[in-house]
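In what follows, a single structure is set out as structure tokens and then discussed.
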Protein chains: 2
Amino acid sequence: MLSITEENYLKALFRLTCEEVGKTDAGTNEIAAQLDVKPATASDMLRKLKEKKLIEYEKYGKSMLTRRGKKMAMEIVRKHRLWETFLYEKLGFTWDEVHEVAEQLEHIQSQKLIERLNTFLGNPKYDPHGDLIPQADGEFKLIEKKTLNDIAEGETCLVVGVSDNSAEFLQYVDGLSIAIHRPLKVVSRKPFDAILEIEVKGKRSAISARLADHIFVSREVKKAAKM
Amino acid sequence: MLSITEENYLKALFRLTCEEVGKTDAGTNEIAAQLDVKPATASDMLRKLKEKKLIEYEKYGKSMLTRRGKKMAMEIVRKHRLWETFLYEKLGFTWDEVHEVAEQLEHIQSQKLIERLNTFLGNPKYDPHGDLIPQADGEFKLIEKKTLNDIAEGETCLVVGVSDNSAEFLQYVDGLSIAIHRPLKVVSRKPFDAILEIEVKGKRSAISARLADHIFVSREVKKAAKM
DNA sequence: AAGTTTTGTTAGATTAGTCTAACTTTAATA
DNA sequence: TATTAAAGTTAGACTAATCTAACAAAACTT
């Protein structure tokens, strides 16, 4: 049985090294920053996780999850996202409120609970942020993420997620009516000052390219149906 | 903000000193036993809780909650029982399974979560064990508990709760078809060997007076309707 | 009332997770 | 390549919660 702290290290490693295509390992400082602890603390814990064969790690080297560590990390991420879905769908929490509470709920130990919750929610595939929920059998499809910056002028896309889960950011995008599974049109872009003009639900706003980089989108929407 | 351990001490004190009429304070050994720690450990923590003005305690004396400590303890008990109700009502957990998981869920910190959960469950008054759920405003009606041993031969009563939440006990009473809000008839009793013959849902069983002491019952049921 | 048992406390050790400060290794750059 | 900067580690200290062992106080019991 892992401690809550150990679970958090595995989750951080999963986010940093597995979730996106291309990434494979993470440095100690990067891991420490993700968990908001000092590098010394992370260094120590990485040594312990290596002992437990949950990560691959050599002194002064980068870290990555072992098969076993990845499996456990995905179970935690699965719990986190199922709880987020519960809070959003059943208790009416908003997009930006769910993360903080799910950070606590994800550590509840009960196999039965999580499977019942999954059934209760109707086997959801995505959480309220549009992130894929790992399945009980360990299945998890990696998605090549495309951001708002990849969308050409005049094109409409579908928002599928965000890469910044801070309450500040989530509230900000909510203020622009940006939401999961909602179409978004890139009206125009000014590359040199890096500002995009966008339209969501008939409402136009400006967004910086730096922020647009945190908004993941999927396929173009040819017929901007219910905008 | 209290630690999980501190919350558990407050909850133990609430159970031992507040929940039933008559009880007002608890000894160190009793508290240690409730929490499954050594008396030395409890002694130390009682000193700390006194520092924080959550309990009244003097060296070598008995302990009781202060007004502030009691309020916090009741919030934890409220959370515990709301989660038990959720697990039972919404996720189909059985009577004897809910306690263990609720022990973890009760420590989740989110005012909003617990109020939304309460609404979602339709403002329940009792948990699946028949125990009263403390209300958000701090209201909590003490109930004079009457046990199966207080019921005369030939009389029928209504089961309202149990005082032993161990999985073993809950499974045992479940095996006798004893359940909350279900009528139970005391067919006969043999005072000297302390065995009661009871009838639930037309099924007769024998139960020792020692175990009967852990089964709380309410008013007699004159017409044993749907037995 | 004296002795014994029960109850409760104190002291010192242990573990997990964190920190700071000092040090080492690796990478970047002039 | 020599120096500097960045990244990472080690050592030592701290806190919270626990334990065991030894001690002290209170409560029974003749």
Side-chain angles (χ1 to χ4, degrees), chain A residues 1-17 23-65 69 72-73 76 103-104 106-109, chain B residues 1-17 23-65 69 72-73 76 103-104 106-109:
Chain A
M1 182 79 75
L2 299 183
S3 71
I4 288 177
T5 307
E6 288 170 323
E7 289 198 344
N8 283 332
Y9 276 84
L10 292 188
K11 187 171 48 125
L13 270 155
F14 182 79
R15 287 203 208 292
L16 290 172
T17 71
K23 297 198 173 176
T24 56
D25 47 15
T28 304
N29 284 359
E30 201 181 352
I31 296 164
Q34 176 84 15
L35 289 159
D36 203 26
V37 299
K38 301 293 169 188
T41 308
S43 189
D44 213 47
M45 181 58 89
L46 291 174
R47 200 179 38 69
K48 288 179 198 160
L49 292 174
K50 180 205 162 91
E51 286 300 302
K52 295 194 177 187
K53 299 203 196 303
L54 293 167
I55 67 169
E56 281 170 40
Y57 160 74
E58 295 304 330
K59 245 163 66 166
Y60 298 106
K62 306 229 164 184
S63 307
M64 65 188 300
L65 294 165
M72 298 182 92
I76 300 157
E103 285 285 303
Q104 299 178 60
E106 72 191 1
H107 299 296
I108 302 293
Q109 300 290 341
Chain B
M1 180 79 77
L2 299 183
S3 71
I4 289 177
T5 307
E6 288 170 323
E7 289 198 346
N8 283 333
Y9 276 84
L10 293 189
K11 188 173 49 125
L13 271 155
F14 182 79
R15 287 204 208 291
L16 291 172
T17 71
K23 297 197 173 177
T24 56
D25 47 15
T28 305
N29 283 1
E30 200 181 353
I31 296 164
Q34 176 85 17
L35 289 159
D36 202 26
V37 298
K38 300 294 169 187
T41 308
S43 189
D44 213 47
M45 181 57 90
L46 291 175
R47 199 178 40 70
K48 287 179 200 160
L49 292 174
K50 180 204 163 93
E51 285 301 301
K52 295 195 176 185
K53 298 203 197 303
L54 293 168
I55 67 169
E56 283 171 40
Y57 159 75
E58 295 304 330
K59 244 164 67 166
Y60 297 106
K62 306 230 164 185
S63 307
M64 65 188 299
L65 293 164
M72 298 181 93
I76 301 157
E103 284 287 302
Q104 299 178 62
E106 72 190 1
H107 300 294
I108 302 294
Q109 300 290 343

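Residue numbers begin at 1 in each chain, while the letters A, B, ... track the order of the sequences.
Counting to the nearest Å, the C1' atom of dT18(C) and the CE atom of Met45(A) are 10 Å from each other.
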Q: Report the C-alpha separation of Tyr9(A) and Ser3(A) in whole Å, then their side-chain angles, then the decisive distance to 0.1 Å, and conclude whether the side chain to side chain contact (heavy atoms under 4.5 Å, CB included) test is met.
A: CA-CA 10 Å; Tyr9(A) 276 84; Ser3(A) 71; over 6 Å; no
Q: Could you please spell out the steps behind the side chain to side chain contact (heavy atoms under 4.5 Å, CB included) verdict for Gln34(B) and Arg15(B)?
A: CA-CA 9 Å; Gln34(B) 176 85 17; Arg15(B) 287 204 208 291; 3.5 Å; yes
Q | Verdict with supporting geometry, Lys11(B) and Glu103(B), salt bridge (Lys or Arg N to Asp or Glu O under 4.0 Å) | A | CA-CA 11 Å; Lys11(B) 188 173 49 125; Glu103(B) 284 287 302; 3.0 Å; yes
Q: With side chain to side chain contact (heavy atoms under 4.5 Å, CB included) as the test, would you mind laying out the steps for Leu54(A) and Leu13(A) before giving the verdict?
A: CA-CA 11 Å; Leu54(A) 293 167; Leu13(A) 270 155; over 6 Å; no
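Take Lys52(A) and apply the salt bridge (charged side-chain N to carboxylate O under 4.0 Å, His left out) test, not counting sequence neighbours, and it matches Glu6(A). The side chain to side chain donor-acceptor pair (under 3.5 Å) check on Glu7(A) picks up His107(A), Gln109(A), with sequence neighbours excluded. Glu51(B) is linked by a salt bridge (charged side-chain N to carboxylate O under 4.0 Å, His left out) to nothing, counting only residues two or more places apart in sequence or in another chain.
At a threshold of 4.0 Å, the pair Glu30(B)-Lys62(B) does not count as salt-bridged, since none of the basic side-chain nitrogens sits closer than that to a carboxylate oxygen.
Taking every heavy atom of both residues into account, Ala73(B) and Leu65(B) meet most closely at CB-CD1, 4.0 Å. Nearest heavy atoms, Thr28(A) versus Leu46(A): OG1-CD1, 3.7 Å.
Residue Tyr9(A) has a polar side-chain atom (N or O) positioned under 4.0 Å from OP1 or OP2 of dT18(C).
On the nucleic acid side, DNA chain D contacts chain A at distances under 4.0 Å to non-hydrogen atoms, with the end points of that region at dA7(D) to dT10(D).
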Q.
Return a single string for nucleotides 5-12 of chain C, one symbol per nucleotide in 5' to 3' order, where B is base contact, S is sugar-phosphate-only contact and - is none, cutoff 4.0 angstrom on heavy atoms.
A. --SSBB--
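For the helix from dA1(C)-dT30(D) to dA30(C)-dT1(D), the angle separating the two terminal helix axes comes to 0°, with each axis derived from five pairs and the value rounded to 10°.
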